[in-house]
J.: 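Take a look at this one; I'll ask things after.
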Amino acid sequence: MSHDAHRVPITFRHLVSAGSLNASNPLRVISLVDVDAAYAQFEASRLGVDSSVVPLAVQQWNGLIAISYAARKFGITRHETVESAKEKCPEIRLVHVATYAEGAQRAEYNEDPSPTTHKVSLDPYRRESRKIVAIFDEMCPLGAVEKASIDELYCDLTLAVRQVILQRFPELARPPANSPLGLDTPLPPPPKIDWTDLGYRVPTEGAHQESAEGDDAKDAQEADKQASRQEELQESVREEIAADTFKTAAINSSPPLVQQAASWTDYALACGAELILKIRQEVMDRLGYTMSAGIAPNKTLAKLSAGMKKPNCQTILVPGAIHAYLKDLPFQKIRFLGGKLGDAIAKEWERSTVGDLWSVTLAELQEKVGDESKWVYDVLRGIDHTPVIERTANKTMLASKNVKPPIRTLQEAQRWISILSLELCVRLKEAREESPNIWPSTMVLRYLKAGETARSRQSSFPFVRDLKPESVAVVAERLWGEAVGEQMSSGKQLSEIIVIALGFSGLEAGEQGQRSIEGFFTSKAAASNAKVPALAAASPPIPQTISSKRERALEGETMEGKGEDGRSPSPLGVVNGTIGEPSAKKIKKVKASGLQSLFQKAAEVTSPLQPEAAQPSVAQDASLDSVSPAPLTEEAPSMPSWTCPECQAKILPRAHVGEPGRAEEGEDSDRRLAQAKQDHEDWHFAVNLQKEHSAALQPRGSLGPSASQAPASQRSASQKGGGGKGSKDKKANKNAIQNFFKKGG
DNA sequence: AATTTATAG
DNA sequence: CTCTATAAATT
């Protein structure tokens with residue numbers, strides 16, 4: 001499937017236009033990075049052992065929740081019991097997660113915690129996670145960093161890559177002066193790429209490739225077949241460990257591998273790989289953790305790629321490799337197809353690989369999966385426009401406990417509530433170190449009675465600068481009382497509560513927190529309680545509604561409404577502010593799952609420029625221009641000229657030239673002015689991009705092996721203890737930069 | 001505000 | 001697939 005011929009040429013606009021900064025840009029570069037066996041590495045580090053060599057597992061009660069790669073070689077897997085693991089590897093180092101004990105002020109590594117008295121704590125891992133995220137934030141100043149989980153994050157490297165390309169090829173900032181197509185002039189042929197050290201490349205079709213890295217993953221997998229020959233296995237594994245072990249695959253040197261880039265897309269991905277390599281090295285240097293990464297044109301493919309070579313490897317998936325790779329991939333490995341949706345599809349068509357489903361039409365898909373169909377259809381073809389959302393802070397935090405034995409009395413309830421309250425308190429406090437103004441608008445108490453379904457009770461939660469566990473507990477107990485209190489208050493114990501959870505939601509970085517906070521006080525002012533208003537008077541005057549409705553609306557439009565796409569963003573969060581979405585809804589909705597929004601909105605955006613998979617894409621860069629609504633809304637439609645706020649240049653409507661396939665019935669000088677403005681802004685964009693100094697990604701000599709690390713001096717700024725403030729400023733600055741680019745200057 | 005659903009280690 | 005966490009839709 002050599003569809004190169006069909007592919008739309010990559011133009012200057014794609015490289016240089018702020019307006020082209022959308023999910024369809026062929027130079028889009030996304031990465032998913034995850035910490036290898038995260039908890040195991042974290043614990044190993046804490047204990048001063050090398051988790052790549054020492055078989056180690058993290059245990060939670062009697063189960064294992066993380067297995068070091070060294071331990072995996074013994075065939076030990078997640079969800080295995082401690083006993084079973086010891087059988088497979090008698091010398092395995094087992095570490096129990098930290099726990100909160102009654103009366104303690106914080107989670108600790110207790111000797112032998114019991115589920116009857118302790119509560120598991122993942123706090124230490126969240127802390128490490130934050131450190132890692134901070135490094136990414138620091139080193140990806142131009143792109144969004146989205147924390148996907150405690151050990152995974154996405155980053156959008158598109159801008160950083162553009163910057164690198166423009167630094168290396170300054171002449172690309174402007175199309176040739178005499179080019180009639182202007183920004184729509186195709187870029188010159190792409191340069192060569194030195195793949196040395198950039199990671200494993202998923203083989204492109206036809207061409208048999210060698211891995212630039214070791215074959216660690218293969219070795220790692222190899223031992224996974226256990227059964228009766230456990231002894232031999234242990235033996236062989238030991239030898240293996242003694243012999244070589246963990247090559248620092250991504251860092252080792254391999255014979256130079258220089259190739260002509262198949263396209264600028266490939267070159268861009270290679271640049272992304274350089275960046276990720278450096279960040280991974282930085283994380284290794286500062287924190288000592290290995291990570292695996294995928295570098296690809298979108299989130300789905302980046303995630304798949306990251307899983308291909310582990311641990312400590314990064315994988316690059318270029319367009320030319322997508323088709324062959326997806327063809328035989330079990331489709332249920334695709335993100336979000338691993339659950340019920342995937343099962344439903346598998347059952348309906350009795351297929352298992354992505355390629356198997358290529359023959360299913362969109363219409364057929366719609367019949368069975370309704371609103372998700374477009375997303376599914378696209379993702380099966382390697383297309384995924386979901387944006388990387390700048391988000392490193394959580395919106396909710398929940399501390400839950402499966403209580404054994406079940407709670408039967410108020411005293412027992414209070415005991416667990418105090419522990420859960422403490423944990424929430426600790427976590428909120430730590431979250432505030434990063435976002436000082438963050439506070440939860442709501443507190444939620446969830447509980448599960450034996451044999452029933454979960455229930456919950458919630459109420460608004462007041463802002464308190466110096467939050468104490470007791471304060472949290474007061475609210476929690478009130479909720480408890482409302483929920484089940486009466487039944488057991490008088491000592492008569494009824495229902496058995498087997499799960500109790502306490503959480504915060506509506507966690508918002510008070511950007512303009514002041515206002516919000518004031519609003520809270522003024523609206524509920526009443527409670528004349530000085531410092532700890534509502535809390536002191538726990539029961540009666542708790543504010544009913546902090547109604548963050550306006551804030552949500554605001555968030556939806558301000559932040560996400562823009563998306564990366566200028567017109568139809570598909571943020572994970574926002575579902576309502578859908579743009580024009582008339583048709584999509586009518587189809588029967590078999591699933592009605594929470595994925596719909598995500599899918600359908602992402603799908604909405606057609607992606608003619610998508611370099612991915614079998615897309616016989618059709619040309620129409622035109623959309624890029626229509627993407628700039630800004631000038632139209634902010635200026636009088638009839639305005640014959642526009643003055644650049646940046647340089648005061650007076651811009652006149654663009655002359656009639658170029659714009660193939662776009663020759664509408666002219667007359668709209670407005671449109672041409674908008675174009676001219678866009679071009680002008682693009683120019684600023686390019687210039688600024690060239691000026692900007694990327695701390696992380698320094699251009700390395702044309703083709704040589706990765707050049708020296710960016711001098712620490714250049715990026716030092718923050719990082720030290722007082723990280724709180726520093727990282728905040730950093731983030732603000734970053735947002736400013738991003739906004740600048742999004743608005744086109 | 002309450003409840004349910006989906007997903008993922 | 002023990003438990004824990006998160007996001008979001010529905011009502």
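Values below: every heavy atom of this structure, side chains too, minus hydrogens, waters and symmetry copies. Every chain is numbered from 1 and lettered A, B, ... according to where its sequence line falls, protein lines coming before strand lines. Keep in mind that what you see is a predicted model, and the values were worked out from it rather than measured.
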J.: Once you round it to whole Å, what is the distance between C1' of B/dA8 and NE2 of A/H79?
T.: 10 Å
J.: Nearest nucleotide by nearest heavy atom, which residue falls closer to the 5' end of DNA chain C, A/K401 or A/T396?
T.: A/K401
J.: Under 4.0 angstrom, heavy atoms only, what part of the nucleic acid is A/S456 near: base, sugar-phosphate, or nothing?
T.: base
J.: With respect to the phosphate group of C/dA7, does any side-chain polar atom (N or O) of A/R391 fall under 4.0 Å of OP1 or OP2?
T.: yes
J.: Nearest whole Å is fine: how far is C/dT2 P from A/N62 CG?
T.: 14 Å
J.: For A/E423, answer base if it contacts any base atom (sugar-phosphate contacts may also be present), sugar-phosphate if it contacts only those atoms, and nothing otherwise; contact means non-hydrogen atoms under 4.0 Å.
T.: sugar-phosphate
J.: Expressed as a whole number of angstroms, how long is the span from A/W416:CH2 to C/dC3:P?
T.: 12 Å
J.: Whole-Å distance between C/dA7 P and A/L507 CG?
T.: 9 Å
J.: Could you walk me through whether A/V283 and A/F136 pass the side chain to side chain contact (heavy atoms under 4.5 Å, CB included) check?
T.: CA-CA 9 Å; A/V283 170; A/F136 275 80; 4.2 Å; yes
J.: Is the A/F504 ring parallel, tilted or perpendicular to the A/F461 ring (thresholds 30°, 60°)?
T.: tilted
J.: What does A/I150 touch in the nucleic acid at a heavy-atom separation under 4.0 angstrom: a base, only the sugar-phosphate, or nothing?
T.: nothing
J.: With a non-hydrogen cut-off below 4.0 angstrom, is A/K303 in contact with a base, only sugar-phosphate, or nothing?
T.: sugar-phosphate
J.: Under 4.0 Å, counting only non-hydrogen atoms across every strand here, what does A/A66 touch: a base, just sugar-phosphate, or nothing?
T.: nothing
J.: Which part of the nucleic acid does A/A399 contact within heavy-atom distance under 4.0 Å: base, sugar-phosphate only, or nothing?
T.: sugar-phosphate
J.: May I ask you to decide whether A/E412 forms a salt bridge with A/R408, counting only side-chain N to carboxylate O separations under 4.0 Å?
T.: no
J.: Quick one: label A/R446 by what it contacts on the DNA or RNA (base, sugar-phosphate, nothing), any heavy atom closer than 4.0 Å.
T.: nothing
J.: Over all strands shown, is A/S149 touching base, sugar-phosphate only, or nothing at heavy-atom distances under 4.0 angstrom?
T.: nothing
J.: Using whole Å, report how far CZ of A/F504 lies from P of C/dT4.
T.: 19 Å
J.: Decide, yes or no, whether a salt bridge links A/R427 with A/E430 under the criterion of side-chain N to carboxylate O below 4.0 Å.
T.: no
J.: Using whole Å, what does the distance between atom P of nucleotide B/dA2 and atom CD of A/E482 come to?
T.: 7 Å
